> 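Next up is a structure, given as C-alpha cells.
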Amino acid sequence: MYDYFISDNKGKAYYLRYFNSQKNILNNIDELQRIHAILQNQDDFCVPEWILSIDGKATMNFRNSKYILLTMLPTEKKTLENWNYNKVLNILSKMHLILSKLSKNNSIINSELTFFNFVNPCSRHLDGYFKNILATSINAVTDNYRFNYLKNYKRQIIHGDFHSSNVFPGKNNKLNIIDFFNSTFDTPLFDLMELMDLFPENKFNILDKYNDWNNCQFTMRDFEYLKFVKAVFYLNRMNENIRFNSRLKGGAMTIKWAITIIDNYLCG
C-alpha cells in the first residue's frame, strides 16, 4: 500500500497515510487521534491536524483500505534561532507534560505497551535470521541492573520516534513535530535519548539540564543502554518476518542501524 500527498482546491496540502496496524506500536486508532487533538493550538510547536471522515470516524476507506488524513506542515530552513537544543528541549518537556495528563486520565492506555516489554520475544521470533544475536541481546537487556529502574521511570505516553525526520523548524519560529505512530506508554527518557542524537555536540548539556530539572543523576551510559534496548526491540520486530520487513520503506536501514547499535553496546 502507498501513502499519498494531495491538495485541495485552495492549495492546502494533506498527507493521506495508509494505516498499517502491524507497523505501529500504538494500534488504537482513537488513541492516536486523541494524541494529535490534545497537542493542537500550541504557541511554540505544531503537530498535524487529524481530519476526520464525513461520518466523524478517525479513518477513511480508500481503495478498500484504511487511511488517515493529516494536514502537511511546511518546513523552514534551520537557523540558530529556530533550531537549537534549548528550544527543542523546552518544547519536548512541554509536550511530555501535556501527554502525561492524557496518560493519567485515559483508561485505554495499555500499561504493558512499552519498548521494554516488547523486547521479550515469542519463541517464533528467535527462530528467525537473527536468532543468535537476539538471544544474546535480550539477555543483556534484562540482566542489566538498569532494567528495572529505567523501564519504570515516569511512564507515560511518549512520541517514541523523535528523530530529525519527525522534528524540524516550521512557520513563525515554531517547531513541527510529526509521526506519532510509534507513540507508546514508556519512559520519556527514550525521547530525550533521541534529542541527544539531534544535537550530539550538546548531549552533555542536555543531560545536565534534565538532571537538574528532575533532581536525577542519569548518566550517558544510561542513555546508551536505552538506545540498545530500542535497537533490540526493532530487530526483534523485524525478525518476525525478515523477508517482508527488510523490503519495507526504511526496513533494511533500520536493521543495519539496530545491528550497529547492538554491536557497539555489547563490545563497549
Side-chain angles (χ1 to χ4, degrees), residues 21 23-40 42 44-48 50 70 85 87-120 141 146-168 175-199 203 206-207 209-211 213-214 216 218 222-234 236-237 254 257-258 261:
S21 61
K23 288 181 63 177
N24 305 319
I25 300 177
L26 183 57
N27 289 327
N28 188 302
I29 194 71
D30 294 319
E31 190 65 39
L32 285 167
Q33 189 274 327
R34 194 173 291 111
I35 289 172
H36 283 76
I38 198 174
L39 293 175
Q40 291 296 315
Q42 301 299 320
D44 44 8
F45 71 91
C46 294
V47 302
W50 190 302
L70 302 165
Y85 83 90
K87 179 185 180 74
V88 182
L89 175 59
N90 287 332
I91 291 174
L92 176 61
S93 299
K94 179 179 178 180
M95 184 185 74
H96 280 161
L97 180 61
I98 296 170
L99 292 177
S100 69
K101 296 175 182 177
L102 179 63
S103 304
K104 292 176 183 177
N105 298 326
N106 201 308
S107 60
I108 296 178
I109 287 295
N110 180 352
S111 62
E112 297 305 310
L113 199 63
T114 72
F115 287 117
F116 279 102
N117 285 348
F118 268 133
V119 164
N120 297 325
V141 168
R146 294 177 175 88
F147 180 71
N148 286 316
Y149 84 82
L150 285 179
K151 80 170 184 176
N152 292 312
Y153 177 74
K154 287 190 176 181
R155 292 171 67 191
Q156 63 163 84
I157 299 173
I158 63 172
H159 183 280
D161 207 14
F162 202 76
H163 59 71
S164 58
S165 296
N166 295 334
V167 187
F168 50 90
L175 190 73
N176 289 338
I177 306 174
I178 66 172
D179 198 353
F180 286 80
F181 294 92
N182 276 324
S183 291
T184 185
F185 193 87
D186 216 320
T187 170
L189 296 176
F190 278 112
D191 287 346
L192 190 69
M193 173 198 75
E194 294 190 302
L195 172 60
M196 291 179 181
D197 285 343
L198 289 177
F199 300 95
K203 62 182 181 181
I206 294 170
L207 176 62
K209 280 201 168 189
Y210 190 87
N211 280 337
W213 290 351
N214 296 276
C216 297
F218 292 116
D222 291 330
F223 286 91
E224 291 171 0
Y225 170 75
L226 288 172
K227 185 180 289 188
F228 171 63
V229 170
K230 196 166 184 180
V232 176
F233 157 77
Y234 275 114
N236 195 30
R237 290 190 80 193
T254 299
W257 169 84
I261 296 299

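Quick caveat: nothing in here was measured; it's all calculated off a predicted structure. Hydrogens, waters and symmetry mates are skipped; everything else that's a heavy atom, side chains included, is used.
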> I'd like to know if K87 pairs up with D44 as an ion pair, taking the criterion as any Lys NZ or Arg NE/NH1/NH2 lying under 4.0 Å from an Asp or Glu carboxylate oxygen.
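No, this pair does not count.
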> For N148, check side-chain hydrogen bond (donor to acceptor under 3.5 Å, both in side chains) against everything at least two apart and list the hits.
none
> What orientation do F147 and F116 show, parallel under 30°, tilted 30 to 60°, or perpendicular over 60°?
perpendicular
> Quick one: salt bridge (Lys or Arg N to Asp or Glu O under 4.0 Å) partners of K154, sequence neighbours excluded?
none
> Tell me whether T187 contacts the main-chain N or O of R155 through its side chain, where contact means a donor paired with an acceptor under 3.5 Å.
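Not at all, since once roles are kept as given, no pair shorter than 3.5 Å links the two residues.
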> How long is the span from the CE atom in M95 to the CD1 atom in I35, to the nearest 0.5 Å?
9.5 Å
> For D191, what residues pass the side-chain hydrogen bond (donor to acceptor under 3.5 Å, both in side chains) criterion, not counting sequence neighbours?
H96
> Where do K151 and D186 land on the salt bridge (charged side-chain N to carboxylate O under 4.0 Å, His left out) test, with the steps shown first?
CA-CA 7 Å; K151 80 170 184 176; D186 216 320; over 6 Å; no
> Could you label the plane-to-plane angle of the Y234 and F115 rings as parallel, tilted or perpendicular, counting under 30° as parallel and over 60° as perpendicular?
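Tilted.
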> Could you pull out all residues at least two apart from Q156 that satisfy side-chain hydrogen bond (donor to acceptor under 3.5 Å, both in side chains)?
none
> What pairs with N166 under side-chain contact (heavy atoms from CB on, under 4.5 Å), at least two apart in sequence or on another chain?
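Applying side-chain contact (heavy atoms from CB on, under 4.5 Å) to N166 gives H159, D161, H163, I178, D179.
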> Just jot down the side-chain contact (heavy atoms from CB on, under 4.5 Å) partners of K203, sequence neighbours excluded, or say none.
M196, M220
> Any carboxylate oxygen within less than 4.0 angstrom of a Lys/Arg side-chain nitrogen, looking at E194 and K227?
no
> Run the side-chain contact (heavy atoms from CB on, under 4.5 Å) test against A258 and tell me which residues pass, sequence neighbours left out.
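Scan of A258 (side-chain contact (heavy atoms from CB on, under 4.5 Å), adjacent residues dropped) gives A231, L235.
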> May I ask you to check whether D222 and Y149 show a side-chain donor-acceptor distance below 3.5 Å?
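The criterion, which ignores hydrogens and geometry beyond distance, is satisfied for Y149 and D222.
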> Taking ring pair (Phe, Tyr, Trp, His ring centres under 6.0 Å) as the definition, give me every residue that meets it alongside F45, ordered by chain and number, with sequence neighbours left out.
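Checked F45 against ring pair (Phe, Tyr, Trp, His ring centres under 6.0 Å); zero matches.
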> Find the distance between OG (S183) and NE2 (H36) and round it off to the nearest 0.5 Å.
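Taking OG in S183 and NE2 in H36, the distance rounds to 7.5 Å.
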> Would you check, one step at a time, whether the test side-chain contact (heavy atoms from CB on, under 4.5 Å) holds for I91 with Q42?
CA-CA 10 Å; I91 291 174; Q42 301 299 320; over 6 Å; no
> Does I38 have any side-chain contact (heavy atoms from CB on, under 4.5 Å) partners at least two apart in sequence or in another chain, and if so, which?
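Here the qualifying residues are I98, L99, L102.
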> Report the distance from atom CG of L150 to atom CZ of F223, rounding to the nearest 0.5 Å.
8.0 Å
> Quick one: ring pair (Phe, Tyr, Trp, His ring centres under 6.0 Å) partners of F228, sequence neighbours excluded?
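Once residues adjacent in sequence are excluded, the partners of F228 under the ring pair (Phe, Tyr, Trp, His ring centres under 6.0 Å) criterion are Y265.
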> side-chain hydrogen bond (donor to acceptor under 3.5 Å, both in side chains) with N211: which residues, sequence neighbours excluded?
none
> Hey, what do you get for CG (L195) to CZ (F190), rounding to the nearest 0.5 Å?
15.0 Å
> Between the side chain of N214 and the main-chain N/O of Y210, is any donor-acceptor distance below 3.5 Å?
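Confirmed, N214 side chain pairs with Y210 backbone.
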> If we only count heavy atoms from C-beta on, is the S93 to L97 side-chain gap below 4.5 Å?
no
> Roughly how far, to the nearest 0.5 Å, is the CD atom of E224 from the CE atom of M193?
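Interatomic distance, M193 CE to E224 CD, rounded to 0.5 Å: 11.5 Å.
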> Parallel, tilted or perpendicular for W50 and F181, by the 30°/60° rule?
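Taking F181 first and then W50, their aromatic rings sit tilted (interplane angle of 30° to 60°).
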> So, the side chain of Q33 versus the backbone of I29: is there a donor-acceptor pair under 3.5 Å, distance only?
no
> Could you check V88 against F162 for side-chain contact (heavy atoms from CB on, under 4.5 Å), going step by step and ending with a plain yes or no?
CA-CA 11 Å; V88 182; F162 202 76; 3.9 Å; yes
> At what distance, to the nearest 0.5 angstrom, does CG of L39 lie from CD1 of I177?
7.5 Å
